[in-house]
Structures are given as structure tokens and as C-alpha cells.
Number of protein chains: 2
Amino acid sequence: MPAQMPEIPWHKPRKAEPRQPLSRSLIVETAVRVLDAEGLSGVTMRRVAQELGTGPASLYAHVSNKEELLDLVLERVTSEIRMPARPEPGRWKEQITEICFEAQRVLTSHRDVSLVSLGSIPLGESQLAITEFLLDLLLQVGLPPQVAAWALDGLGQLIDTDAYEASVYAERIARGTDIGEYFGQLHSFLLALPADRFPVLQGMADTMLAGGGDERYAFKIEVFLRGLESYLPAGARADRHRPSRHRLDA
Amino acid sequence: MPAQMPEIPWHKPRKAEPRQPLSRSLIVETAVRVLDAEGLSGVTMRRVAQELGTGPASLYAHVSNKEELLDLVLERVTSEIRMPARPEPGRWKEQITEICFEAQRVLTSHRDVSLVSLGSIPLGESQLAITEFLLDLLLQVGLPPQVAAWALDGLGQLIDTDAYEASVYAERIARGTDIGEYFGQLHSFLLALPADRFPVLQGMADTMLAGGGDERYAFKIEVFLRGLESYLPAGARADRHRPSRHRLDA
DNA sequence: TCGACTCGTAGAACAGTGTTCGTCCAAGGA
DNA sequence: TCCTTGGACGAACACTGTTCTACGAGTCGA
């Protein structure tokens with residue numbers, strides 16, 4: 001065996017080593033890690049590639065777009081949402097509320113990922129599974145099919161929007177904004193409004209800012225579900241609907 | 001008067017000419033023009049500056065941020081929303097519905113500007129005026145103050161989200177996607193779902209895709225308003241609430 | 001009338017971004 | 001064995017928001 005030739009110095013070996021072979025799912029996993037660590041704006045092709053010890057161009061063999069990558073990230077995150085075993089039409093409002101909160105819990109646990117879901121039609125596997133579950137539930141309750149179908153749309157928007165709003169808050173806090181001070185500023189801003197043009201708003205400054213995110217979220221869900229309830233045929237309304245008292249009711 | 005000295009060639013006059021002196025409102029106007037012509041992603045500091053015959057750095061004397069510029073753009077757009085002269089509690093649901101559609105009309109007439117309003121607290125003058133109007137209306141109807149306050153939150157989210165969703169559609173069309181073909185693909189996608197895991201969804205493909213944007217929008221508004229209605233104290237419910245028949249009611 | 005002193009105007013540059021091009025290497029098939 | 005194929009990837013392109021720094025014109029006080 002002859003002595004090995006030295007490397008020609010300017011002809012470097014092409015790469016160091018990618019520990020694992022690059023793959024679609026590995027890239028998505030990494031992107032989620034970066035997302036959790038630095039937020040959605042931190043998820044750049046370069047950043048993800050760097051985390052994998054390579055350059056951005058390498059990602060494009062497995063993912064056609066940044067948009068597609070983000071869709072995959074969203075789908076992976078959505079798959080963490082744990083759904084109940086089966087629909088319980090007897091307590092459909094409670095069950096939907098629980099699902100909404102579970103969804104928000106998962107979404108907000110991955111920074112501002114919910115921004116991705118706004119304005120994108122949910123066609124991922126987990127997203128469809130959730131749709132299927134809710135649709136089934138609403139039909140079992142007795143809602144007309146068209147009402148159930150459109151209601152899903154609204155419910156999805158409610159979840160996404162609220163999750164995004166919550167994450168905007170969270171990001172603000174993460175960036176060091178004192179949330180108490182922030183609310184104080186908001187409060188005094190409302191109080192400082194000219195009373196001749198904004199009499200109602202100015203007088204209700206406290207009421208406008210009352211309640212935490214969860215409380216407001218629960219309220220919006222309840223309003224939507226009560227509205228849905230009104231579409232129940234008379235028969236279904238009788239046995240399914242046990243009107244739940246609420247402290248805001250008169 | 002002596003003959004004028006020639007210009008030293010390499011010592012060019014610092015600038016050509018900004019027709020009008022730069023100003024905050026002129027910049028915002030220009031940004032809106034660019035927005036209408038090229039969409040939100042076309043609104044860059046360079047693009048706006050170019051339209052004004054100058055460089056991006058010049059804008060920063062009047063506007064501290066791109067974020068601030070976009071907020072100003074949103075406020076200017078919002079000021080185009082025409083509100084009714086005064087609240088009419090006797091037909092509050094109809095009036096709110098009209099306002100929602102008017103808001104959507106204005107927002108979608110400026111491409112995808114509604115993306116700006118998602119996740120930003122509406123503190124602009126026109127935005128506050130709308131809030132003031134709706135709050136006044138809801139209180140006159142007889143809703144408890146806390147309900148009215150939180151309802152505004154939900155109503156705003158509904159308007160913004162739907163406007164954004166509509167604009168995503170519109171942008172897709174503007175980019176040349178055949179919308180009929182697109183819906184056809186969606187339809188056959190739903191039909192191709194495995195029937196064992198998505199029986200309901202697969203069977204309701206038509207129902208899921210039924211209805212145009214306006215119809216769906218109207219439905220969501222109606223659901224939310226009916227939900228709100230249920231928070232009316234018994235007394236107010238009697239005279240204010242004339243239950244409106246709806247073709248989807250059973 | 002003359003400086004000083006602002007303040008709006010910009011060119012250049014910085015550190016990023018998503019994406020594409022063309023080249024390289026290694027594995028698989030004929 | 002050669003040839004093809006497809007993933008990897010350095011370099012580059014055309015952008016982005018923002019800052020630095022110098023320059024010009026105008027105003028104000030002396």
C-alpha cells in the first residue's frame with residue numbers, strides 16, 4: 001500500500017459531515033426547534049440549515065419553499081393537539097370549549113406559530129382530523145349540515161386569531177415589556193380621550209381592559225356556541241340543550 | 001449680473017427635486033398608493049421612497065419605523081369606513097351587520113392591508129370612533145357593560161380575520177389562479193380522503209365548500225349576534241329583540 | 001450682514017432575507 | 001466498467017429594514 005498522498009490544500013474536502021442524512025422530517029423537526037427557541041421570525045432557511053450544519057441551498061432538495069416548510073411545521077405542531085376519544089353530544093358545548101383551550105395551549109406553546117395558520121386552508125392530516133371530529137360532533141348534536149360546515153370555519157378562525165393575539169402578547173413580554181406598565185399606559189390613554197367625542201369609551205376604560213386572555217377567550221367561545229345553539233331544530237334543542245347559567249347573564 | 005459659473009461636474013447638486021416637501025401625510029398617502037398597486041408585500045421603504053423621488057433614509061425623519069408607517073396606513077384606510085349617523089338600537093343586528101360589510105368592503109379594497117390590523121390593538125382615531133359607536137349601540141340595546149366590551153373584541157377579530165381571508169383569496173386570483181379550478185381541486189381532494197378515517201368530512205365535501213365569501217361572512221356575523229342576544233336581560237329582550245327568521249333555521 | 005445652529009435630505013453601507021445557478025460527489029443501474 | 005441521477009452546497013443575486021454620516025438650505029441672534 002503506497003503512502004497516502006497529501007490533500008491538495010486549496011482543494012478541500014467538500015463538506016465536514018451532516019450527522020444524519022438530511023430529510024424532510026429532520027428539517028421540519030429542526031425548524032420547530034428553532035421556532036421554539038427564537039420565534040417565528042427566527043425561522044429562516046439559513047438558521048435552520050446552520051442548525052443542521054449545512055447551507056440554505058441544501059434544504060431546497062427536500063422542501064420547495066419556505067412557505068411549504070412553514071406549512072409542514074404547522075401540521076407537526078397541530079398534531080400535538082390531543083383530541084377526546086369520541087364526541088359527547090350530551091355536553092357538546094363543554095367539549096368544544098375544552099378543545100378550543102387545548103388547541104390554544106398547544107399553539108401558544110410554540111411561540112407565534114399561529115400566524116402561519118391565519119389565511120391558510122387547513123388541509124394537513126391532523127388539521128383534517130380535528131375538523132372531522134368537530135363536524136361529527138356538531139352533526140350528532142342535530143345542527144343542520146350547512147350550519148355545521150360553516151360553523152367550523154368560524155370556530156377555526158376564532159381559535160387561530162385568539163392564539164395569535166395571545167402569542168403577540170407573549171412575545172411582547174418575552175421582549176421585556178412590563179405588562180403591568182403597558183396596561184397602565186393603555187388605561188390612562190383611554191382616560192385621556194376627549195370626553196366630547198368618546199364619552200362611552202372613556203367612561204368604560206376599566207371595563208374595556210378587564211379580564212385576562214383566558215376569560216375573554218372563554219367568553220368569545222361561549223357567545224359563538226350560544227349563537228350556534230339557536231340553529232338547533234326545536235326537537236334537538238329540547239333534550240340536548242340544558243341552558244347553562246353564566247355569571248354575566250341578567 | 002455676472003455670467004453664471006458652470007457646475008463642477010463631479011460635484012453634483014445634492015438632489016433632483018422632491019416636487020412637494022416630504023411630510024408624514026404625504027408619505028402615508030404614497031404608501032397607500034403603492035399598497036393599492038402592488039399589495040402589502042410591495043410596500044417597502046425603498047419603494048415608497050422611490051415613488052417620492054428620494055431614498056429610503058429620508059423617510060425616517062418623518063416616520064420612526066416601518067411598523068409605524070403601516071399603522072398610519074391602516075388608520076388612513078380605516079378612516080374610509082363610513083359609519084351611520086347614529087345608533088339604532090331597534091335594529092341593532094341589522095346595523096352591526098351593515099357596518100361589518102362596510103368595513104370589509106373598505107379593507108378588501110386595499111389589497112391585504114388587513115394583515116396589519118391582526119394582532120395590533122386598534123388605537124387610531126377612526127378605529128376608536130368605530131369602537132365608540134359600536135359600544136354605544138350595544139349599551140343602548142341593553143347588554144351588560146362587560147358583555148358589550150368583550151363583544152367588541154370578538155367583533156373586531158371577526159372583521160379583521162374575514163377581511164384578511166378574503167384578501168388572501170383576492171391575491172390568489174390576482175396572481176392568476178383560476179378560482180374555479182382551485183375549488184375543483186379542493187373538492188376532489190376532499191372526495192379522495194380515506195373514507196374510514198374521514199367519513200363525515202368526505203361525505204360533506206359539497207356542503208363544506210358551499211357558499212361564497214359573503215354568505216359565509218354573513219353567517220358568522222349572525223351566529224355571533226345571536227349569541228350576544230342571549231346575554232340580553234329579560235326585559236330588554238322583550239322589546240328590542242324581534243326574532244328574525246333565517247332560512248337555515250329548522 | 002454674518003456666522004452658528006438647527007433640521008430635513010440623502011448616499012453609502014451593514015447585516016440580514018429567500019431563492020437560484022452551477023458544480024461537485026457518491027450511489028445505483030446497465 | 002461507464003453513465004446517469006439526485007442530493008449537497010458555495011457563491012451569488014436581488015432584495016429587505018435600518019443606521020451612519022455628511023451635506024444643504026433655512027432661520028435666528030448678534
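Keep in mind it's a predicted model, so treat the numbers as computed, not measured. Order of the sequence lines sets the chain letters (A, B, ...), proteins ahead of strands, with each chain counted from 1.
- Among the heavy atoms of the strands lying under 4.0 Å from A/Ser58 is at least one base atom, whether or not backbone atoms are also near.
- B/Arg197 and A/Glu132 are not joined by a salt bridge, as no carboxylate oxygen comes within less than 4.0 angstrom of a charged side-chain nitrogen.
- We find that CG of A/Leu22 is positioned 16 Å from C1' of C/dA26, with the value rounded to whole Å.
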**Message:** Could you walk me through whether A/Phe219 and B/Asp153 satisfy the side-chain contact (heavy atoms from CB on, under 4.5 Å) test, starting with their C-alpha distance in whole Å, then the side-chain angles of each, then the deciding distance to 0.1 Å, before giving a yes or no?
**Reply:** CA-CA 10 Å; A/Phe219 172 76; B/Asp153 202 3; over 6 Å; no

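- For the pair A/Arg105 and A/Glu80, the salt-bridge criterion is not met [side-chain N within less than 4.0 Å of a carboxylate O].
- Side-chain N/O atoms of A/His62 include none lying less than 4.0 angstrom from OP1 or OP2 on D/dG6.
- Regarding B/Leu52, its CG atom lies at a distance of 10 Å from the P atom of C/dT9, rounded to whole Å.
- Taking both residues in full, the closest heavy atoms of A/Thr97 and A/Ile221 are given as OG1-CG2, 3.9 Å, listed atom of the first, atom of the second, then distance.
- Using a 4.0 Å cutoff on non-hydrogen atoms, the parts of residues 37-48 of chain A near DNA chain D are A/Arg46, ordered by number.
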N/O contacts under 3.5 Å, protein versus nucleotides 26-28 of chain D?
none

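- Rounded to whole Å, the distance from OH on A/Tyr60 to P on D/dG10 is 15 Å.
- Of all non-hydrogen atoms in B/Leu69 and B/Ile27, the two that sit nearest each other are CD1-CG2, 3.9 Å.
- The pair B/Glu38-B/Arg111 does not meet the salt-bridge criterion, since no charged nitrogen lies less than 4.0 angstrom from a carboxylate oxygen.
- The pair B/Glu215-B/Lys220 does not meet the salt-bridge criterion, since no charged nitrogen lies less than 4.0 angstrom from a carboxylate oxygen.
- Closest heavy-atom contact between B/Ser126 and B/Glu75: OG-OE2, 2.6 Å.
- A heavy atom lying under 4.0 Å from DNA chain D marks the following residues of residues 63-74 of chain B, by number: B/Asn65, B/Lys66.
- If you take OH on A/Tyr164 and CD on B/Gln157, they are separated by 12.0 Å, rounding to the nearest 0.5 Å.
- With respect to the salt-bridge test (charged N to carboxylate O, under 4.0 angstrom), the residues A/Glu29 and A/Arg33 do not qualify.
- Looking at B/Ser167 and B/Leu107, their side chains never come closer than 4.5 Å, going by heavy atoms from C-beta outward.
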